[in-house]
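The block underneath contains the structure these notes are about, expressed in C-alpha cells.
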Amino acid sequence: MYFDFDKKSESKLVLKRAGTQPGSGEERLLFWASKGTQLNDYAFYDCTYDNEGNPTNVWRHFFRFPEHVMEENGYICVYTHPGNGHARMNGKRILTYRMDNENDILNEGGDVVCVIKIRSTVAYELDGE
C-alpha cells in the first residue's frame with residue numbers, strides 16, 4: 001500500500017509519500033526538501049506496536065540523514081531494503097539512500113512516521129572498561 005501526504009508543515013524536510021510503490025515492490029519513503037536544507041539536521045522514525053495494537057518504544061526503526069545540503073528544491077528517496085538502484089522522478093535521478101533492513105518497516109494503515117529536526121548532538125564515546 002502506498003500513502004500520499006499533503007500535510008502542511010513549516011519544516012524544510014517534508015514526507016510526501018510512504019509505503020510500497022506500485023509496480024516496484026520496494027518499500028520507500030519520499031521526502032521533499034527546500035533549497036539550502038542540511039539533511040543531516042533531520043531524522044525519522046516509525047512507531048511500533050504491541051500485539052494488541054498499542055504504541056510501544058520497542059524496535060523502532062530510525063534513520064538520520066547523512067550530511068548533504070540541498071542546492072535546489074528537491075526530492076529524497078529512502079528505501080527501507082538493501083539494494084543498489086536509484087530512485088527517479090519524471091525520468092530524472094533523485095538523491096537516494098537505503099536503510100538496509102531485511103523486512104518492511106511500515107504497516108498498512110495506522111502507522112506513524114515522525115520526522116524530527118535535530119537541534120544539537122552530543123556524542124559520548126565509551127571507553128570499554
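What you see below is based on every heavy atom in this structure, not just the backbone, and it leaves out hydrogens, waters and symmetry mates.
Across all non-hydrogen atoms, the minimal contact from C77 to I94 is CB-CD1, 4.0 Å. The heavy-atom pair separating A33 from L13 by the smallest distance is CB-CD1, 3.9 Å. Nearest heavy-atom pair across G53 and Y49 is O-CD2, 3.5 Å. Here the shortest heavy-atom pairing between R28 and A87 reads NH1-CB, 4.0 Å. Across M70 and L95, no two heavy atoms sit closer than the pair SD-CD2, 4.0 Å. Scanning all heavy atoms of the two residues, the minimum distance from T121 to I118 falls at OG1-CG2, 3.5 Å.
For the residue pair H81/N103, the side-chain donor-acceptor check at 3.5 Å is not satisfied. Side chains of T96 and R88: a donor-acceptor N/O pair is absent below 3.5 angstrom, by distance only.
Side-chain atoms of T80 and E26, non-hydrogen and from C-beta on, never get closer than 4.5 Å to each other. Looking only at side-chain heavy atoms (C-beta outward), P82 and E102 come within less than 4.5 Å of each other. Taking the side chain as every heavy atom from C-beta outward, V69 and T37 never approach each other to under 4.5 Å. The shortest distance between side-chain heavy atoms of V113 and L106 falls below 4.5 Å.
Both V115 and L29 are part of a single hydrophobic cluster, where members link through side-chain heavy atoms under 4.5 Å apart.
Considering only residues two or more places apart in sequence or on other chains, D46 meets the side chain to side chain donor-acceptor pair (under 3.5 Å) condition with H61.
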Working note: F31 + V78, criterion side-chain contact (heavy atoms from CB on, under 4.5 Å); need CA distance, chi angles, decisive distance, verdict. CA-CA 8 Å; F31 294 88; V78 179; 4.1 Å; yes
The test is side-chain contact (heavy atoms from CB on, under 4.5 Å); show your working for D104 and T20 and say whether it passes. CA-CA 9 Å; D104 288 349; T20 302; 4.2 Å; yes
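Within the model, atoms OG1 of T56 and CG of N51 stand 10.0 Å from one another, a figure rounded to the nearest 0.5 Å. Here the straight-line distance linking atom CD1 of I76 with atom CE of M89 works out to 10.0 Å at 0.5 Å rounding. Distance CG/L30 to CG/L15: 8.0 Å, rounded to 0.5 Å. Separating the CZ atom in R64 from the OH atom in Y97 is a distance of 12.5 Å, to the nearest 0.5 Å. Annotation: the span from T48 atom OG1 to I105 atom CD1 amounts to 11.0 Å, rounded to 0.5 Å.
Within the 3.5 Å criterion, the main-chain N or O of N40 finds a donor-acceptor partner in the side chain of Q38.
Heavy-atom neighbours of R93 CZ from other residues, nucleotides or ligands within 6.0 Å: at or below the threshold of 12.
Centroid-to-centroid, the aromatic rings of Y42 and F65 stay 6.0 Å apart or farther.
A cation-pi arrangement is present between R98 and Y79, with the terminal nitrogen or guanidinium carbon under 6.0 Å from the aromatic centre and inside a 45° cone about the axis.
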